[in-house]
Amino acid sequence: MPPDRVIGVDVGGTKIRAGLLGRDGSAGRVIEVPSPTDSADSFLLELDRVIESLLPEAPVAIGVGVPMTIDRVTGIALRANNLPLVEIDFTRRLRERFRLPIGLENDGNATALAEWRLGAGRGARDLIAIALGTGVGGGLVLDGRLYRGWAELGHIVVEADGPPCQGNCDGRGHLEALASGEAAETAAEAGIPARAPQSTGSGTTSGSRSGR
């Protein structure tokens with residue numbers, strides 16, 4: 001790993017994934033833990049613990065991608081759809097705790113930036129990146145610049161009066177409601193029929209409902 005390595009953190013609705021990254025995109029040790037979803041406090045404590053476990057590697061900065069819209073004036077992350085996070089000032093909180101420079105970005109934007117600089121989008125002037133996970137995120141590169149405006153690609157309506165969106169979103173027919181990991185799991189479970197109990201011939205029954 002190069003000497004100017006940083007900690008990169010991907011915050012997701014299902015897991016927190018963090019690792020050591022070099023400027024060239026090389027990756028070192030990676031840690032992955034389930035995302036606590038019972039409260040903001042428990043989530044933030046787990047985020048701290050994951051970052052702390054990588055501090056002995058002497059990173060020079062911490063970058064965090066969050067599935068939240070960020071107020072570009074205040075720097076506050078406003079709300080997560082699939083996590084109990086509302087109006088969190090990640091930058092101030094992490095800077096005060098770890099005394100390192102902090103970079104904060106919407107996770108979809110971070111995906112687009114990574115693909116543009118180091119991945120499949122190298123050399124492109126315009127790019128759309130879609131990130132599929134618990135929800136659907138995405139980011140845009142327009143005319144050679146990362147677009148940091150309001151671009152919640154997962155909440156574009158693709159089916160009028162479609163199924164309700166998930167998490168904290170009260171919309172309907174969104175891309176996230178139809179194409180996310182959670183939507184796929186829901187559709188799969190709905191398509192697996194229950195298996196009727198079978199007689200054993202001794203007056204008892206056995207059988208189970210198919211599922212995960």
Side-chain angles (χ1 to χ4, degrees), residues 6-19 21 31-55 59-117 128-142 145-156 165-171 174-177 180-182:
V6 303
I7 294 175
V9 185
D10 177 24
V11 170
T14 302
K15 62 191 175 186
I16 301 171
R17 195 166 192 244
L21 303 170
I31 297 172
E32 187 175 295
V33 299
S35 294
T37 58
D38 55 323
S39 71
D41 287 343
S42 62
F43 181 90
L44 293 171
L45 286 172
E46 186 70 348
L47 178 64
D48 289 345
R49 187 187 70 79
V50 169
I51 293 173
E52 285 169 354
S53 68
L54 293 170
L55 288 179
V60 299
I62 302 169
V64 184
V66 294
M68 306 170 74
T69 301
I70 299 170
D71 185 320
R72 298 297 171 180
V73 176
T74 65
I76 292 175
L78 299 178
R79 189 179 74 159
N81 193 40
N82 297 297
L83 289 168
L85 302 176
V86 178
E87 295 188 0
I88 306 293
D89 192 342
F90 284 96
T91 302
R92 180 187 61 79
R93 184 180 178 281
L94 294 175
R95 184 187 295 128
E96 291 178 355
R97 183 174 183 84
F98 297 112
R99 304 298 178 183
L100 288 171
I102 305 297
L104 180 72
E105 188 52 84
N106 169 269
D107 61 345
N109 287 354
T111 297
L113 181 62
E115 289 294 344
W116 181 44
R117 292 286 181 86
I128 299 175
I130 300 293
L132 301 179
T134 305
V136 176
L140 307 170
V141 173
L142 303 175
R145 294 172 64 96
L146 179 67
Y147 178 72
R148 286 191 164 94
W150 200 283
E152 289 293 331
L153 302 185
H155 296 276
I156 294 172
C165 201
Q166 61 196 43
N168 298 316
C169 180
D170 56 7
H174 295 174
L175 181 61
E176 182 160 303
S180 67
E182 185 168 313

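The structure presented is a predicted model; accordingly, all values stated were derived computationally and were not measured.
Residue Asn106 comes nearest to Gly108 through the heavy atom pair OD1-N, 2.8 Å, listed as atom of the first residue, atom of the second, then distance. Shortest non-hydrogen contact noted between Phe98 and Glu52 is CE2-CG, 3.4 Å. Minimum heavy-atom separation, Asn109 to Gly139: OD1-CA, 3.8 Å. Annotation for Gly8 and Leu21: closest pair CA-CD1, 4.0 Å, computed over non-hydrogen atoms. In terms of heavy-atom proximity, Cys165 sits nearest to His174 at SG-ND1, 3.7 Å. The shortest non-hydrogen separation linking Leu153 to Ala129 is CD1-O, 4.1 Å.
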* Asked: When you look at Glu105 and Leu146, which way does the side-chain contact (heavy atoms from CB on, under 4.5 Å) test go after all the steps?
  -> CA-CA 11 Å; Glu105 188 52 84; Leu146 179 67; 4.3 Å; yes
* Between Val9 and Leu47, does a side-chain contact (heavy atoms from CB on, under 4.5 Å) hold up when you go through it step by step? -> CA-CA 9 Å; Val9 185; Leu47 178 64; 3.7 Å; yes
* Asked: Could you walk me through whether Glu46 and Ile16 pass the side-chain contact (heavy atoms from CB on, under 4.5 Å) check?
  -> CA-CA 9 Å; Glu46 186 70 348; Ile16 301 171; 4.1 Å; yes
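Leu94 is listed as a side-chain neighbour of Ile51, based on a closest heavy-atom distance under 4.5 Å. Put simply, the side chain of Phe90 does not reach to within 4.5 Å of the side chain of Ile70, judged on heavy atoms. For the pair Arg79 and Val86, the minimum side-chain heavy-atom distance is below 4.5 Å. With a 4.5 Å cut-off on side-chain heavy atoms, Val60 and Leu100 do not count as touching. Using a 4.5 Å heavy-atom threshold, the side chains of Arg93 and Ile102 count as separate. A heavy-atom distance below 4.5 Å is found between the side chains of Val33 and Arg49. Using a 4.5 Å heavy-atom threshold, the side chains of Ile130 and Val136 count as touching. Ser35 is not listed as a side-chain neighbour of Thr14, based on a closest heavy-atom distance of 4.5 Å or more.
For the atom pair Glu182 CD and Asn82 CG, the distance stands at 6.0 Å (nearest 0.5 Å). Atom CG of residue Leu83 and atom OG of residue Ser39 lie 11.0 Å apart, to the nearest 0.5 angstrom. Taking CG of Leu78 as the reference point, atom OG1 of Thr69 lies at 6.0 Å (rounded to 0.5 Å). Atom CZ of Arg92 and atom OG1 of Thr74 lie 11.5 Å apart (nearest 0.5 Å).
Considering Ile88, Thr37, Val11, Asp38 as possible partners of Phe43, the one that fulfils the side-chain contact (heavy atoms from CB on, under 4.5 Å) test is Val11.
One N or O on the side chain of Gln166 and one on the backbone of Thr134 form a donor-acceptor pair closer than 3.5 Å. Between the side chain of Glu176 and the main chain of His155, no donor-acceptor pair closer than 3.5 Å is present. Of the possible polar contacts, none joining the Asp10 side chain to the Asp107 backbone as a donor-acceptor pair under 3.5 Å is found.
Around CD1 of Ile76, the count of heavy atoms belonging to other residues, nucleotides or ligands within 6.0 Å exceeds 12.
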